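In this chain, residues are counted from 1 in sequence order. Every heavy atom of this structure was used, including side-chain atoms; hydrogens, water molecules and symmetry mates were not. The structure presented is a predicted model; accordingly, all values stated were derived computationally and were not measured.
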Amino acid sequence: MTDAALKDESQRPAEPAGLEDVPGWFWDHDRHSFDWFMGRQEKAGVTGDLLEMGAYLGRSAIVVGEHLQPGETFTVCDLFDSDAPDDENAAEMDISYRKSLTRSAFETNYLSFHDELPEIIQAPTSVLAGGRIAAGAFRFIHIDASHLYEHVVGDLQVARVALQEQGVVVLDDYRSQHTPGVAAATWGAVFNHGLKPIMLTECKFYGTWGDPEPFQRDLLDRVDLAAGCYLSTETLNGQQVLRMTGTSEGIGAFRPSRHHRRLAAEVARHEAEQAAEESRRAQEEAARNLAARRARAAELRRPANVAKRAARDLLPPVVTSVIRRARRG
């Protein structure tokens with residue numbers, strides 16, 4: 001293999017065996033919630049496009065793509081390894097994920113679970129404004145792009161126009177200490193622009209510009225909700241909002257990737273090779289120890305050594321001591 005080929009091989013993104021192998025911050029409660037909201041729409045016969053604004057390496061996009069129905073489009077908008085549109089956004093990317101975020105890695109991860117890529121727009125999410133995507137065409141939008149206030153405000157404006165009346169928008173990092181811009185934009189939309197909260201998890205805000213009550217009623221009735229998901233109710237300025245806490249009990253594992261069987265076989269083969277190597281080393285060590293013991297035994301059986309042991313065992317200790325001193329001169 002040439003040096004160039006070796007370099008290409010070393011730079012190729014690793015293929016994931018399961019969703020947990022895809023880097024990112026997407027926990028079980030939110031994966032279950034994504035499945036719950038989109039699954040509820042599908043059971044009700046709701047159709048519409050799907051959108052993710054900010055995808056990182058694809059962990060949540062893979063789950064969204066699982067709900068793509070015939071005739072629908074899934075669009076992912078992310079800068080990936082392109083330059084940021086302004087210095088503040090560039091600094092944010094440098095701090096968080098500039099070294100790891102590439103479109104190639106996203107595509108490798110996504111195609112490990114799906115046959116086709118989503119429609120990818122490699123650009124700032126601001127390009128989605130002004131009619132780039134169809135108004136009222138989307139049933140589910142996940143916003144997880146820039147954490148800067150002005151950018152999140154713009155993303156929410158895009159989502160408001162793009163969503164169907166009962167469409168669902170999800171915002172990541174709405175309460176993290178390092179993302180005050182997301183919190184300000186989210187609650188500003190709630191109190192000033194008609195966004196209605198449905199549910200909060202530890203990391204994500206789920207809302208709609210439609211009526212949240214049907215969603216909340218089904219959640220409180222525990223329709224298709226996992227056993228470990230616990231809900232409590234809060235009231236914010238006259239609006240009900242649910243909070244989800246609890247454990248991962250009842251949340252099934254996401255299906256394995258197309259590489260799972262091959263990668264599992266490679267792991268098993270590697271473990272077998274390691275076990276064989278450890279067994280070989282143990283056998284060699286045992287053989288060396290046996291050879292050493294036999295050598296010591298043979299040395300002890302030499303006539304001179306036998307005579308010394310006999311003298312030591314039969315003569316009185318005083319005599320043995322005198323003989324030893326005499327030999328030392």
Quick one: does Leu200's side chain get under 4.5 Å of Tyr174's, heavy atoms only? yes
Kindly write out the residues that satisfy salt bridge (Lys or Arg N to Asp or Glu O under 4.0 Å) with Glu165, not counting sequence neighbours, or none if the list is empty. none
Do Leu128 and Met53 have side-chain heavy atoms sitting under 4.5 Å apart? yes
Which donor-acceptor pairs under 3.5 Å do side chains of residues 41-51 form with protein atoms, sequence neighbours excluded?
| unit_1 | atom_1 | unit_2 | atom_2 | d |
| --- | --- | --- | --- | --- |
| Gln41 | OE1 | Arg139 | NH1 | 2.8 |
| Gln41 | NE2 | Arg139 | O | 2.8 |
| Glu42 | OE1 | His67 | ND1 | 3.2 |
| Glu42 | OE2 | His67 | ND1 | 3.1 |
| Glu42 | OE2 | Arg139 | NH1 | 3.3 |
| Glu42 | OE2 | Arg139 | NH2 | 3.1 |
| Lys43 | NZ | Asp224 | OD2 | 2.6 |
| Asp49 | OD1 | Thr73 | N | 2.8 |

What distance do Ser257 atom OG and Asp21 atom CG have between them, rounded to the nearest 0.5 Å? 7.5 Å
Contacts of type side-chain contact (heavy atoms from CB on, under 4.5 Å), residue Asp28, not counting sequence neighbours: Arg31, Ser248, Ile251
Show, in sequence, the C-alpha distance, side-chain angles and deciding distance for Gln239 and Val190, and conclude whether the side-chain contact (heavy atoms from CB on, under 4.5 Å) test is met. CA-CA 10 Å; Gln239 298 185 53; Val190 169; 4.1 Å; yes
Are Ile143 and Ile62 connected, step by step, through hydrophobic side chains (Ile, Leu, Val, Met, Phe, Trp, Tyr) whose heavy atoms are closer than 4.5 Å? no
For the pair Phe215 and Phe37, name the ring-plane relationship: parallel under 30°, tilted 30 to 60°, perpendicular over 60°. tilted
Just by distance, with hydrogens left out, do Glu15 and Asn109 show a side-chain donor and acceptor under 3.5 Å apart? no
Please find the pair of heavy atoms, one from Pro197 and one from Val241, that lie closest to each other, and give the distance. CB-CG2, 3.8 Å
4.5 Å side-chain heavy-atom contact, Pro212 and Arg217: no
Measuring only between side-chain heavy atoms, which start at C-beta, is Arg40 closer than 4.5 Å to Asp218? yes
Side-chain contact, heavy-atom cut-off 4.5 Å: Phe113 with Pro16? yes
Salt bridge flag under 4.0 Å for residues Arg258 and Asp115: yes
Nearest-0.5 Å distance that lies between atom OG in Ser60 and atom CG in Leu57: 10.5 Å
Passes side-chain contact (heavy atoms from CB on, under 4.5 Å), Ile121 versus Thr75? Steps please. CA-CA 7 Å; Ile121 301 175; Thr75 302; 3.8 Å; yes
Same hydrophobic cluster for Val64 and Leu117, using side-chain heavy-atom links shorter than 4.5 Å among ILVMFWY? yes
Nearest heavy-atom pair of Gln164 and Ala137: which atoms, and what distance? NE2-O, 4.0 Å
Are Ser112 and His259 close enough, and set up right, to give a side-chain hydrogen bond (donor to acceptor under 3.5 Å, both in side chains), and what steps lead you there? CA-CA 7 Å; Ser112 296; His259 310 298; 3.1 Å; yes
List the atom of Thr108, the atom of Ala14, and the distance in Å for their closest heavy-atom pair. CG2-O, 4.1 Å
Residue list, side chain to side chain donor-acceptor pair (under 3.5 Å) with Tyr110, at least two apart or on another chain: none
Excluding sequence neighbours, so at least two apart, what forms side chain to side chain donor-acceptor pair (under 3.5 Å) with Gln166? none
side-chain contact (heavy atoms from CB on, under 4.5 Å) with Glu277: which residues, sequence neighbours excluded? Arg280, Arg281
Checking side-chain polar atoms at under 3.5 Å, does Ser146 have a donor or acceptor matched by the opposite partner on His151? yes
Could you walk me through whether Asp172 and Tyr56 pass side-chain hydrogen bond (donor to acceptor under 3.5 Å, both in side chains), step by step? CA-CA 12 Å; Asp172 185 65; Tyr56 190 47; over 6 Å; no
Pairing residues for Arg294 by the side chain to side chain donor-acceptor pair (under 3.5 Å) criterion, not counting sequence neighbours: none
Hydrophobic cluster membership, with links at side-chain heavy-atom distances under 4.5 Å among I/L/V/M/F/W/Y: are Leu68 and Phe26 in one? yes
Could you see if Met38 belongs to whatever hydrophobic cluster contains Trp27? Use Ile, Leu, Val, Met, Phe, Trp, Tyr and a side-chain cutoff under 4.5 Å. yes
What distance do Met199 atom CE and Thr208 atom OG1 have between them, rounded to the nearest 0.5 Å? 13.5 Å
Should Glu20 and Arg59 count as an ion pair when the cut-off is N to O under 4.0 Å? no
To the closest 0.5 Å, what do you measure between CG (Asp155) and SG (Cys77)? 8.0 Å
Is the Phe80 ring parallel, tilted or perpendicular to the Phe106 ring (thresholds 30°, 60°)? tilted
Any chance you could lay out the side-chain contact (heavy atoms from CB on, under 4.5 Å) test for Ser33 and Tyr206, step after step, and finish with the verdict? CA-CA 9 Å; Ser33 298; Tyr206 295 76; 3.3 Å; yes
Considering residues at least two apart in sequence or located in another chain, which fulfil the salt bridge (Lys or Arg N to Asp or Glu O under 4.0 Å) criterion with Arg222? none
Is any side-chain heavy atom of Val169 less than 4.5 Å from a side-chain heavy atom of Trp209? yes
So, Asp81 versus Thr102: side-chain donor-acceptor pair below 3.5 Å or not? no
Is the ring pair His142/Phe34 parallel, tilted or perpendicular, if the boundaries are 30 and 60 degrees? perpendicular
State, with a plain yes or no, whether a side-chain heavy atom of Val63 is found less than 4.5 Å away from one of Leu19. yes
Checking Cys203 against Asp30 for the side-chain contact (heavy atoms from CB on, under 4.5 Å) test, could you report, in this order, the C-alpha distance in whole Å, the side-chain angles of both residues, the deciding distance, and whether it holds? CA-CA 8 Å; Cys203 297; Asp30 287 306; 3.8 Å; yes
Taking every heavy atom of His178 against every heavy atom of Asp173, the minimum-distance pair comes out as NE2-OD2, 4.1 Å
Where is the tightest heavy-atom contact between Val22 and Gly58, given as atom of each residue plus distance? CG1-C, 4.2 Å
Listed partners of Arg160 passing salt bridge (Lys or Arg N to Asp or Glu O under 4.0 Å), at least two apart: none
Treat each ILVMFWY residue as a node, draw an edge where side-chain heavy atoms are under 4.5 Å apart, and state whether Val152 and Phe191 are in one component. yes
Distance, nearest 0.5 Å, that separates OG of Ser176 from NE2 of His147: 7.5 Å
Residues two or more places apart in sequence or in another chain: which of them pass side chain to side chain donor-acceptor pair (under 3.5 Å) with Arg288? Glu285
Which residues share a side-chain contact (heavy atoms from CB on, under 4.5 Å) with Leu220, sequence neighbours left out: Leu231, Thr233, Gln240, Leu242
Under the rule for salt bridge (Lys or Arg N to Asp or Glu O under 4.0 Å), what residues qualify as partners of Arg103, not counting sequence neighbours? Glu107
How long is the gap from CD1 on Ile198 to CD on Glu213, to the nearest 0.5 Å? 11.0 Å
